[in-house]
Protein chains: 2
Amino acid sequence: MAATLHDVARVAGVSIKTVSNVINDYPHVRPETKERVLAAIAELGYRPNLSARNLRSGRTGMISLIIPNLRNPYFAELADDVMNAASARGLSVLIEQVGGDRESELSVLRGSRRQAVDGILYSVLALGQEDAAVLDEIPLPMVLLGERIFNSSRDHVTMRNEDGLRAATEHLLAIGCRRIIALGSHPGEVIGSAGLRLDGYLQALDAAGVPVDERLIVHADRWHRVDGAAAMRSILAAGTEFDGIVAFNDSLALGAMRIMQEAGLRIPQDVAVIGFDDLDETRYSVPTLSTIEPGRPQIAETAVDMLLARIEERASAESSPAEPREVLTDFRLVQRESTTRAAGAPGSSGL
Amino acid sequence: MAATLHDVARVAGVSIKTVSNVINDYPHVRPETKERVLAAIAELGYRPNLSARNLRSGRTGMISLIIPNLRNPYFAELADDVMNAASARGLSVLIEQVGGDRESELSVLRGSRRQAVDGILYSVLALGQEDAAVLDEIPLPMVLLGERIFNSSRDHVTMRNEDGLRAATEHLLAIGCRRIIALGSHPGEVIGSAGLRLDGYLQALDAAGVPVDERLIVHADRWHRVDGAAAMRSILAAGTEFDGIVAFNDSLALGAMRIMQEAGLRIPQDVAVIGFDDLDETRYSVPTLSTIEPGRPQIAETAVDMLLARIEERASAESSPAEPREVLTDFRLVQRESTTRAAGAPGSSGL
DNA sequence: CTGAAAGCGCTAACAG
DNA sequence: CTGTTAGCGCTTTCAG
């Protein structure tokens, strides 16, 4: 059986309160007493029982991160960023994957593990604006990530989708592209990454006086590599002409590049390509992929900080809760080979 | 304040024991009583307090998975497999990333979160055979993954490294390669993935009567894409001739392919390439990458089952613990474009 | 089939 | 500066 406070107290010849004080770094303990306690702790290999502490304090030191799937590199990298931010603040992260359908997302949100965490970072995927009210029912601090829900009662951290995609499109225009495919639209969507990003594309074309060709706006329901590949196959089959692609995420871009290369199209000479997300692998693809770096580490840090603030606000329970905050992170265009047409470029491999 | 057992009991007009019985699906509860209790639970939105349950029962329903890094796709896919296996068995997974150095691995193993989980799945990376004894000190059920430690007192699940790499090498020999690079060796290592895989390579050459050329055994300390790329650059710089590559993992293979393509080498015509791990992305690279599928889902399921068995064994605490078990999973060679030289092949894109 | 009551190990008033 | 004590919410004997 593991040692308890009482065991330590007995061995050190003090009361459990004193041991507790030492453990929790309370100020007023005489140095020699403290030393005796520390010695007893070491001798017994004592470790506080977290369940008991949680029960008593009402806090677990864990937050949950709800994401669709770790096999999706975007979310694996996000999870890594979040775990780093959390561990720097003394928190552990319980990752919960959800199936992508509305029911599964709701059931995880309401799920039993709820009781085991102090708060939730929720990367919204299947729920939408119409579900904003549902979130109020979850009796736990929560910070939203992503572009599906705005103006709820919860704090929200998101990237500059429109601005980012506008910058990407402007970049292609600047290197001479005129028939630019927007890859990844969700017809009819206004809010959500796809709607916002499409808007950035349209803004850029508009500002440059380049007419919009509906055939260049290519639908892709899901944004995995296989979807980018499939979309590119139909584009090629349809015989649509194009000289640039702004993909709504990196995976779509990578899938499309794969098919273009099979078809003998050269990147960036025949078609320039830019993605969105700055996945690690964009540095290693052939060619390396230009992309928008959406400030993911900043998203993770900000979100963890906001969640922690909400948790502490709730613990002190003094005034009424602060107004929900909306944070937009900074993005950055990263130019790599897939949009570098200059003949005399030094040809760094990007590795 | 959230509802407690007592609240439910009061509303239902029964004692808390009865409520507890209903919640835990104990058999002997009269149907009508049960219904009253269920109604009260629904009315109050009662959810059991997990901290209290954990404190009482000594179990948390969580296991921790210790891995180096989620950004490494191998571990992201492993984590996904483990989470699926765990959630099918009613367990949650706490992922803990470790830095890769010995100290950080030890401190996580001994770390405070220990108290918050019922058991540990530990993918050994920085520790080695000489640390087998250290593992005994961790007072928690544990199952080891990977190839760094054998014959400890812990259960262990691992893949068939030698056999897999032998099969990969034999495959290259079968399609006509004679100067095959083994990419990823760790000089001097005997146990560990690198040592075992090199052994498989040597066995295959030996069996085929192909002489070993030391220049074809290429060192790579770490196994990320960038390391494969760097290694390939030095190979090309050294002017070593080769017509096949068996990489010790997929990332090395993908990095090497990138550099070969820059250098104008055609895959598989000039050089056939095979990797190890069957990462998702091997299906989407250019060309698609042949590889060894090491049975990762099976590893995850087996490991979770074994851990659960240990947890239960400890709970019942009857007889002495069962002998440590060693499980080897089945592998499978997956042939894709990177080793398919047949001229008239249909050229499926593998997507 | 159901109720009463004793803790799991810890924190935090409250007293000394 | 340190000790006593009362629970946190649940599970689990042990009696009815």
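Every chain is numbered from 1 and lettered A, B, ... according to where its sequence line falls, protein lines coming before strand lines. As the structure is a computational prediction, the values presented were derived from the model and not from experiment. All values below come from the heavy atoms of this structure, side chains included, with hydrogens, waters and symmetry mates left out.
- If you take CD on Q97(B) and CD1 on I66(B), they are separated by 11.5 Å, rounding to the nearest 0.5 Å.
- At distances below 3.5 Å, at least one donor-acceptor pair connects side-chain atoms of E313(B) with backbone N or O atoms of A322(B).
- Between S51(B) and dG9(D), a side-chain N or O to OP1/OP2 separation shorter than 4.0 Å is absent.
- Of the possible polar contacts, none joining the S123(B) side chain to the P68(B) backbone as a donor-acceptor pair under 3.5 Å is found.
- Taking CG of D7(A) as the reference point, atom CD1 of I16(A) lies at 11.0 Å (rounded to 0.5 Å).
- The phosphate of dT2(C) (OP1 or OP2) has a side-chain N or O of T33(B) nearer than 4.0 angstrom.
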**OP:** With salt bridge (Lys or Arg N to Asp or Glu O under 4.0 Å) as the test, would you mind laying out the steps for D118(A) and R310(A) before giving the verdict?
**Re:** CA-CA 10 Å; D118(A) 296 332; R310(A) 289 290 174 189; over 6 Å; no

Subject >> Protein proximity profile, nucleotides 10-16 of chain D - base contact B, sugar-phosphate-only contact S, no contact -, cut-off 4.0 Å on heavy atoms >> reply: BBBB---

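- Across the protein-nucleic acid pair, I41(A) atom CD1 and dG9(C) atom C1' stand 14 Å apart, rounded to whole Å.
- As a whole-Å value, the separation of N54(B) CG from dC8(D) C1' is 13 Å.
- Mapping L55(B) and T18(B) onto DNA chain C by nearest heavy atom places T18(B) at the nucleotide closer to the 5' end.
- Every side chain to side chain donor-acceptor pair (under 3.5 Å) that R102(A) has, sequence neighbours left out, goes to D131(A).
- What you find for N69(A) and F75(A) is that their closest heavy atoms are O-CB, 3.5 Å.
- Within a 6.0 Å radius of CD in E323(B), other residues, nucleotides and ligands contribute 12 heavy atoms or fewer.
- The bend of the helix from dC1(C)-dG16(D) to dG16(C)-dC1(D), defined by the angle between the axes of its first five and last five pairs, stands at 30° to the nearest 10°.
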